[in-house]
Amino acid sequence: MVSKSLVNDENPFENLNISESWINLHQVGERTICPQCNKSRKYFCYTCYLPVLEIKDYVPHIKLPFKVDIIKHAREIDGKSTAVHAAVLCPDDVTVYTYPSIPSYDTLEKTILVFPSPNAVTIEELTQSLAFSNGKEEQNFDVKLSRVVFIDSTWNQSRGIYKDPRLFKLPCVVLKKRITQFWRHQNGVPRWHLSTIEAIHQFFVEYEIVMKKLAHDMSFKEESKDDCTVNSSSTKIVDSKIETNSNKFDNLLFFFRFMYDKIHSLYDHESLKSYKRPLE
């Protein structure tokens, strides 16, 4: 169960470092032509994954530590899917596929799937196992992740996609529970089921925290060999700083933040069914 104390509906983006240029998107008036496919679009083209020229200079360009594949259900409406946000913001690292046209992932690269399967592990468990897979702790560890896969669909649809042999063989990770601020409602789904862009953001936030902690722990152990006076309280202070400063990927929510604001300018938060869903 998710505690009600974790729900911050009054200011859900308060502690996130999202570029304030999202406010400029409110100035967009009429739809314009996509410079690549010449189709009428507003804000961005959900076919070419390009921002319209009117807002191009406001949109952040995000570099991810490894590649992201998004497997989109064929019935997901492109214009309403938050998966498009990732493709627009991370053009060098994000690829969107429409199921069943997906890659056949091999074992030559370390690919993981974000999905709560029965055997799923946390990101911390996964990275630790990869970092120390050779049986010894190396100061310059290499986690060896190269690609992470997300499924963009309703919960019921995602379970069907997960059973595809091309995905079923992939090791799975599960994210920590976090309350969604997505405005689209799904019947029978608790409020900690995230939208696709929220899940991608959550993954990289957790990944960054884990990697910083691993690096710190290894450095701490090296220092401890020469200084026996180092105590555990210092590690707790550093861990706290790591978690509060882990906002490197917050701009993944750039379009999400804008659209949340736009939706809430039209509808009262309490009137939207999505925010009335149970927390368990």
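- With hydrogens and angles disregarded, no donor-acceptor distance shorter than 3.5 Å links the side chain of Tyr105 to the backbone of Leu167.
- Pairs passing the side-chain hydrogen bond (donor to acceptor under 3.5 Å, both in side chains) check and including a residue from residues 90-101, sequence neighbours excluded, read His61-Asp92, Lys63-Asp93, Lys67-Asp93, Tyr99-Asp164.
- Within the structure, salt bridge (charged side-chain N to carboxylate O under 4.0 Å, His left out) contacts touching residues 192-203 (residues at least two apart or in different chains) do not occur.
- For the side-chain contact (heavy atoms from CB on, under 4.5 Å) test, residues two or more places apart in sequence or in another chain that qualify with Ser271 are Tyr267, Asp268.
- Considering only residues two or more places apart in sequence or on other chains, Arg184 meets the salt bridge (charged side-chain N to carboxylate O under 4.0 Å, His left out) condition with Glu76.
- Here side-chain hydrogen bond (donor to acceptor under 3.5 Å, both in side chains) pairs that include residues 145-157, with residues two or more places apart or in two chains, are Asp69-Arg147, Ser81-Asp152, Glu109-Arg147, Asp152-Thr196, Thr154-Gln157, Asn156-Arg159.
- Aromatic ring centroids of Tyr260 and Phe182 lie 6.0 Å or more apart.
- Partners of His269 according to the side-chain hydrogen bond (donor to acceptor under 3.5 Å, both in side chains) rule, which considers only residues two or more places apart in sequence or in another chain, are Asp9, His264.
- A side-chain donor-acceptor contact under 3.5 Å links Arg277 to the backbone of Ser274.
- Among residues two or more places apart in sequence or in another chain, the side-chain hydrogen bond (donor to acceptor under 3.5 Å, both in side chains) test is passed with Tyr162 by none.
- In this structure, the ring of Phe204 has its center less than 6.0 angstrom from the ring center of Phe66.
- Residues satisfying the side-chain hydrogen bond (donor to acceptor under 3.5 Å, both in side chains) test with His201, not counting sequence neighbours, are Arg178, Asp250.
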Would you tabulate the side-chain donor-acceptor contacts of residues 42-58 under 3.5 Å, counting partners in other chains and residues two or more places apart, or write 'none'?
from	atom 1	to	atom 2	distance (Å)
Lys42	NZ	Gly29	O	3.1
Tyr46	OH	Arg41	NH1	3.3
Thr47	OG1	Arg41	NH2	2.9

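- Partners of Thr32 according to the side-chain hydrogen bond (donor to acceptor under 3.5 Å, both in side chains) rule, which considers only residues two or more places apart in sequence or in another chain, do not exist here.
- Remark: Asn38 engages Ile33 in a side-chain contact (heavy atoms from CB on, under 4.5 Å) (not counting sequence neighbours).
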Side chains of residues 116-125: which donor-acceptor partners sit under 3.5 Å, not counting sequence neighbours?
from	atom 1	to	atom 2	distance (Å)
Ser117	OG	Ala120	N	3.3
Thr122	OG1	Glu125	N	3.1
Thr122	OG1	Glu125	OE1	3.4
Glu125	OE1	Thr122	N	2.9

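- Relative ring orientation between Trp22 and Phe258 is described as tilted, the plane-to-plane angle lying within the 30° to 60° band.
- Put simply, CD1 on Ile179 and CG on Leu194 are 8.5 Å apart, with the number rounded to the nearest 0.5 Å.
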